[in-house]
Amino acid sequence: MAGYVCTIAGGKGGVGKTTTAVNVGAVLQELGHDVVVVDADLGMANLGSMLSVEPDKSLHEILAGNAAVSEALTDAPGGLTVIPGEQSLEAFADADPAKLRKVIKTLRNAYDVVLIDTGAGLSHEVAVPLGLADGVVLVTTPDDVAVGDTVKTAELANRIDGPVTGAIINRATRHTDVADIADRLEFPLLAVIPDDPQATTDEPLVLNAPESTAAEAYRRLAEMLEGVFFEGAVVDDDVDAIVDEEWFLDDEELDSDSDDDSGGVFGLFN
C-alpha cells in the first residue's frame, strides 16, 4: 500500500514550515511509522542545517538528473529519514521542479509517510508539491500578512486539486486572537502552537525539549494527523483545534487557576 503524502505549505517565509515538518515527522516515526521528510524549498533549503546533517547527495542533484533518490536518503535524529536540499544559486538554477513528481512517487512506495517541506510564495516550485499531496497542511503565524498569504496558498492548492486538510497557527501568544484568524482561514484550524522562547532551538523540539509546551502541541498535532493518514479520519469545520489555554499562562496564573469572563484566557478566544 502506497504511503501518504502530506505537503507542509504556507504563503510566507519564516512561519515554521520546516519546524512543523520535522516535529510532526519525528512524532510519527516515534509512533512506529516509517517517515521521510523532503526539503522541497528549492530556493532557501534549510532542512539539513536545521538538523545538522550532511547528505551525500541533495534533492537539487536529484532534480538536476545527477543523483538517484537512494543516494540522497539521510539519517536524522529520532530515526527520521530526510532528503535535504542545497542553498547555492547554481544548484537552484539546475534543479527542475517537475522532476519532483517522480521523486515523490518513488518515496511513497517505500515509506508510510512522505512529508514535503515547501518554499514560500505561489511559484511553480510550490505548486508542484501542492498538486502531489494527499493532504496539505498550511502553516501561518498570527501576522496579518502571513494569514493572508496562507489563504492565497489554499486557493492555489484548491485550483490544482491539492486537498487542504487544515492549518496551524504557529508562534501564538496570549494576545493572539485565534477566533478571528480561524474565521479568516475558511478551512479547518488544526492546532495552535504556542510561542515557547524557553524551549531549545535544537530540532526536533519533540526530542530535545519534550516537556515544552510547543513540543506538546506538535505531539498532539501529529497524533491527530496519524488518524487522517492511516485511519481515514475526516477533518471538517467542526474539528476541535488542538490548543490548551494553560500553555499561555505563567506560573503564578497556573497556580491561581485564573480565568476571565470572555470564554477564553487573555483574549485568546473571543
Side-chain angles (χ1 to χ4, degrees), residues 3 5-25 35-74 76 80-108 110-111 113-141 145-146 149-150 152-157 159-162 164 170 203:
V5 177
C6 177
T7 294
I8 310 294
K12 191 172 183 293
V15 296
K17 296 183 291 294
T18 306
T19 299
T20 299
V22 164
N23 282 283
V24 168
V35 182
V36 60
V37 181
V38 182
D39 191 349
D41 185 349
L42 300 184
M44 299 290 179
N46 63 1
L47 177 63
S49 59
M50 175 180 286
L51 296 176
S52 299
V53 298
E54 296 183 4
D56 292 330
K57 298 290 183 179
S58 69
L59 178 66
H60 287 74
E61 290 174 284
I62 298 172
L63 300 182
N66 297 324
V69 172
S70 59
E71 294 179 282
L73 296 174
T74 305
L80 201 61
T81 301
V82 299
I83 298 184
E86 295 184 45
Q87 296 185 341
S88 72
L89 288 176
E90 292 79 4
F92 173 72
D94 292 339
D96 180 1
K99 292 184 178 179
L100 186 64
R101 299 180 185 277
K102 186 175 180 180
V103 173
I104 300 306
K105 181 179 180 180
T106 298
L107 293 173
R108 73 152 67 232
Y111 290 86
V113 180
V114 181
L115 296 175
I116 309 177
D117 176 28
T118 65
L122 302 178
S123 65
H124 176 58
E125 70 177 78
V126 173
V128 171
L130 291 176
L132 293 174
D134 296 309
V136 177
V137 172
L138 298 164
V139 182
T140 185
T141 59
V145 174
D149 288 349
T150 298
K152 292 178 184 177
T153 304
E155 293 172 351
L156 174 61
R159 289 190 179 190
I160 57 178
D161 297 325
V164 175
N170 195 23
E203 296 289 353

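Under the 4.5 Å side-chain criterion, counting only non-hydrogen atoms from C-beta, I62 is not in contact with L100. The shortest side-chain heavy-atom distance between V82 and V53 falls under the 4.5 Å cut-off. A heavy-atom distance below 4.5 Å is not found between the side chains of T81 and T74. Side-chain contact between E71 and E61 is absent, with no heavy atoms from C-beta onward closer than 4.5 Å. Contact of the Y111 side chain with the L73 side chain is registered, since non-hydrogen atoms from C-beta on lie closer than 4.5 Å. Annotation: side chain of L51 is in contact with side chain of V22 (closest heavy-atom distance under 4.5 Å). Counting only heavy atoms from C-beta outward, the side chains of P97 and L42 approach each other to under 4.5 Å. Proximity of L115 to V35: side-chain heavy atoms (C-beta onward) are separated by under 4.5 Å at one or more points.
Under 3.5 Å, the side chains of N170 and T141 contain no donor-acceptor pair of N or O atoms.
Here the NZ-CG distance, from K99 to L59, works out to 11.5 Å after rounding to the nearest 0.5 Å.
A donor-acceptor pair is defined here as one N or O able to donate and one able to accept, closer than 3.5 Å; such a pair exists between the side chain of T153 and the backbone of D149. Between the H60 side chain and the D94 main chain, no donor and acceptor come within less than 3.5 Å of each other. A donor-acceptor pair under 3.5 Å is formed between the side chain of D39 and the backbone N or O of N46. Counting only distance, with no hydrogens or angles, the side chain of T20 and the backbone of T18 share no donor-acceptor pair below 3.5 Å.
Salt bridge absent: D41 and K17 never bring a charged side-chain N and a carboxylate O closer than 4.0 Å.
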inquiry  = Could you go through L130 and T118, starting from their C-alpha distance and side-chain angles, then the distance that decides it, and tell me whether this counts as side-chain contact (heavy atoms from CB on, under 4.5 Å)?
reply    = CA-CA 9 Å; L130 291 176; T118 65; 5.6 Å; no
Give every donor-acceptor pair under 3.5 Å between a side-chain atom in residues 5-16 and any protein atom, sequence neighbours left out.
unit_1	atom_1	unit_2	atom_2	d
T7	OG1	P129	O	2.7

